[in-house]
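Before any comments, here is the structure.
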Amino acid sequence: MKGLRPPGPKCHPLTGNSREFCKDQLEFLTKSAREFGDIVRLRFLHVPVYLLNNPQHIEQVFSNRNFVKPMSLRLPLQRQIFGNGLLSSGGETWLRERRMTQPAFHRDRLASYGAAMIGCTGKMMNGWCAAEVGDVYDEMRTLAFEIAAKCLFNADMKNDGAVVRDVCKTITKVFASQGTLWWVFDNVLPTPNNLRFRKAVRRLDEIIYRLISERLSRGGEEDDLLTALLFAADEQGAKLNTKQLRDALATLFFASHEAAALVLTWACYLLALHPDIQDTLVTELDSILGRSENPQAADLPALRYTRKVIKEALRLYPPNRSVGREASHDCEIGDYHVPAGTQLLMSQWVVQRDSRYFASPEEFQPDRWTSEFTKQLPKYAYFPFGGGPRVCIGQDFAMMEATLVIATILRRYRLSLVNQQLVEPHPVVLLRPGSRIKIRLAGRQD
């Protein structure tokens, strides 16, 4: 079979599989994997795409330098917002920035962020005056933004939160056409979407450049990521210029709060949907913290079940429905030939719900995450943060944030869904809720 093309669904001569994909991305990817196997040949417009569903093949791609950042990250709209930051850069540029950013996410540094995470969560809950939260995702975006601003930039950016949320909404609406012919037009022509996108990025840039200017005026007194990036130098003594700083901060703005907000949102949703699991988590909190204490960073190793809840939420609802790479040279994956330029799609949504690796894969079962289960699980059957050298730099930060925030909320409130609503995910850029998630609150003392 060497040299053969993998099987796949029928393609339209002009649009390929774009129409079916855009109609229901998650269902299309899942159905393709189940019907055609571990390697599926797709085409979006004129672009050849291979969907990889086997952890061994995914590991091959993540660990091999011949697979580079995908075409999607080189498109004009993506470049406008992320520039040449960690998400979109490659080679020595990426390696240099990764090394300069890494200290802010070192394990020893993470412990100092715990108090800010818990404090911001407490302030959020103090604003929950009614017995109901009308939109959990909106609340968690505000919270995650404030945590990122405090922990990474040591800045009070409360007044900027509404602007950033509005910018994110605009960008999300534009990206809704991704994979269609309109998406091509939006990237190369001054369409209404293109103009809206440019305006949104300019608003974000105003915040970022103001943040850089204010910090430069204070010198190197602060001990945070922003100051580290401003004054750090590489092996040749060169520092990041203003544009490079802007690209780094734009990437961190989105990576550190949009994805984190979704982890928290889906975790709250699943706990509200499963009161028995919520009870087990609360029992753990009571046994470790007593009846009155809030969790602290030092409690994290003991919060084993809470961490299992977060891991299982990430399995069912990973912030990214997929991650991509591009084959820079002709190669072989499994039994099939992969021509240079082929886009490789590896879907967390598909693989992490595969019954070959997870019993009852559609069910929310935190108890599955025993040490024995983790040891026998193939390495890339579970990869919510990506993998290889480009694995998410903030994965430990995100796990710590999610664990402490959920524990802090459940110390005060019991969560239940209003009208037991079922919420479908909506994959635009990230795996967002398709409708508002309304949560009813009951005080723990009740």
Is the closest side-chain heavy-atom distance between Asp335 and Ile39 below 4.5 Å? no
Take Val68 and Arg325 through the test side-chain contact (heavy atoms from CB on, under 4.5 Å) and record every step on the way to the result. CA-CA 5 Å; Val68 298; Arg325 294 289 188 270; over 6 Å; no
Any donor-acceptor N/O pair, Asn64 side chain to Gln60 backbone, under 3.5 Å: no
Aromatic ring pairing Phe145/His257, orientation class (parallel under 30°, perpendicular over 60°, tilted between): perpendicular
State which residue, out of Leu314, Leu404, Leu300, Val263, fulfils the side chain to side chain contact (heavy atoms under 4.5 Å, CB included) condition with Met399. Leu314
Is the number of heavy atoms from other residues, nucleotides or ligands within 6.0 Å of CZ (Arg304) greater than 12? no
Report yes if some heavy atom in the side chain of Leu273 is under 4.5 Å from a heavy atom in the side chain of Gln420; otherwise report no. yes
So, does Trp266 use its side chain to make a donor-acceptor pair with the main chain of Leu431 at under 3.5 Å? yes
Compare all side-chain heavy atoms of Tyr382 with those of Trp369 and state whether any distance is below 4.5 angstrom. yes
Euclidean distance, Ile406 CD1 relative to Leu270 CG, rounded to 0.5 Å: 10.0 Å
Heavy-atom nearest pair, Val423 first then Gly434, reads CG1-N, 4.0 Å
Test your reading of the model: is there a side-chain donor-acceptor pair from Gln421 to the backbone of Lys438, 3.5 Å cut-off? yes
Would you say Glu332's side chain and Val338's backbone share a donor-acceptor pair under 3.5 angstrom? no
Salt bridge check: are Arg210 and Asp160 linked by an N-O gap of less than 4.0 Å? yes
Is there a side-chain contact between Met117 and Phe397 (heavy atoms, below 4.5 Å)? yes
Donor-acceptor under 3.5 Å (Gln343 side chain, Gly341 main chain): yes
First locate atom CD of Glu424, then atom CD of Glu27, and finally report the distance between them rounded to the nearest 0.5 Å. 10.5 Å
Got a donor-acceptor contact below 3.5 angstrom from the Arg41 side chain to the Arg43 backbone? no
So does Lys150 have more than 12 non-hydrogen atoms from other groups sitting under 6.0 Å from NZ? no
Would you check, one step at a time, whether the test side-chain contact (heavy atoms from CB on, under 4.5 Å) holds for Tyr209 with Thr242? CA-CA 8 Å; Tyr209 284 123; Thr242 304; 3.5 Å; yes
With heavy-atom distances below 4.5 Å as the criterion, would you say the side chains of Arg165 and Thr142 are in contact? yes
Are Arg321 and Gln348 close enough that a side-chain donor and a side-chain acceptor fall under 3.5 Å? no
Side chain Arg315, main chain Gln352, donor-acceptor under 3.5 Å: yes
At what distance, to the nearest 0.5 angstrom, does CG of Asp24 lie from NE2 of His426? 10.5 Å
So, do Ser32 and Leu42 sit near enough that their side-chain heavy atoms are less than 4.5 Å apart? yes
Strictly below 4.0 Å, N to O, side chains only: are Lys123 and Glu146 in salt-bridge contact? no
Tell me whether the rings of Phe383 and Phe62 are parallel (<30°), tilted (30 to 60°) or perpendicular (>60°). perpendicular
Take Tyr269 and Val136, measure what side-chain contact (heavy atoms from CB on, under 4.5 Å) needs, and give me the verdict at the end. CA-CA 8 Å; Tyr269 169 71; Val136 171; over 6 Å; no
Here the pair of heavy atoms bringing Pro275 nearest to Ala272 is CD-O, 4.2 Å
Looking at every non-hydrogen atom in both residues, tell me the closest pair between Leu204 and Ala250 and how far apart they are. CD2-CB, 4.5 Å
So do Asp38 and Arg356 actually touch side chain to side chain, heavy atoms under 4.5 Å? yes
Does Arg141 qualify as a cation-pi partner of Tyr137, given the criterion of NZ or CZ under 6.0 Å from the six-membered ring centre and within 45 degrees of its axis? yes
Is the shortest side-chain heavy-atom distance between Ile277 and Pro366 below 4.5 Å? yes
Whether Asp330 side chain and Ala340 backbone form a donor-acceptor pair below 3.5 Å: yes
Classify the ring geometry of Phe175 against Trp183: parallel below 30°, tilted from 30° to 60°, perpendicular beyond 60°. tilted
Using modelled atom types and a 3.5 Å cut-off, is there a donor and acceptor pairing between side-chain atoms of Asn320 and backbone atoms of Phe385? no
Within 6.0 angstrom of Arg19 CZ, more than 12 heavy atoms from elsewhere: no
Got more than 12 heavy atoms from elsewhere within 6.0 Å of CG, Asn419? no
Check Glu326 with Lys69, please: is the shortest side-chain N to carboxylate O separation under 4.0 Å? no
Should we say atom NE2 of His329 is surrounded by more than 12 heavy atoms from elsewhere, each under 6.0 Å from it? no
In terms of the angle between their ring planes, are Phe28 and Phe44 parallel, tilted or perpendicular, with boundaries placed at 30° and 60°? tilted
Got a salt bridge between Glu258 and Arg432, using NZ or NE/NH1/NH2 to carboxylate O under 4.0 Å? yes
Would Glu312 and Arg368 pass as an ion pair if we require N to O under 4.0 Å? yes
Check Pro378 against Pro55 and note the closest heavy-atom contact, atom names and distance. CB-CB, 3.8 Å
Assess the side chains of Glu139 and Trp128: does a donor N or O sit below 3.5 Å from an acceptor N or O? yes
Approximate separation, where rounding is to 0.5 Å, of Asn187 CG and Leu77 CG: 4.0 Å
Taking all non-hydrogen atoms of both residues, which atom of Val351 and which atom of Phe358 are closest, and how far apart? O-CE1, 3.9 Å
Could Lys243 and Asp205 be called an ion pair, given the rule that one side-chain N must be under 4.0 Å from one carboxylate O? no
Could you report the tightest heavy-atom contact between Arg34 and Val350, atom names first, then the distance? NH2-O, 3.3 Å
Modelled atom types, side-chain donor and acceptor of Thr30 and Arg353, under 3.5 Å: no
To the nearest 0.5 Å, tell me how far Asn241 CG sits from Arg246 CZ. 12.0 Å
Would you call the rings of Phe364 and His274 parallel, tilted or perpendicular if under 30° counts as parallel and over 60° as perpendicular? tilted
Assess whether side-chain contact (heavy atoms from CB on, under 4.5 Å) is satisfied between Arg440 and Leu415, documenting all intermediate values. CA-CA 6 Å; Arg440 182 174 292 113; Leu415 311 179; over 6 Å; no
Is it true that Arg203 and Asp166 have a side-chain N and a carboxylate O under 4.0 angstrom from each other? yes
In Å and rounded to the nearest 0.5 Å, what is the CG to CE distance from Leu73 to Met71? 11.5 Å
Do side-chain atoms of Ser18 reach the backbone of Thr15 as a donor and acceptor pair under 3.5 angstrom? yes
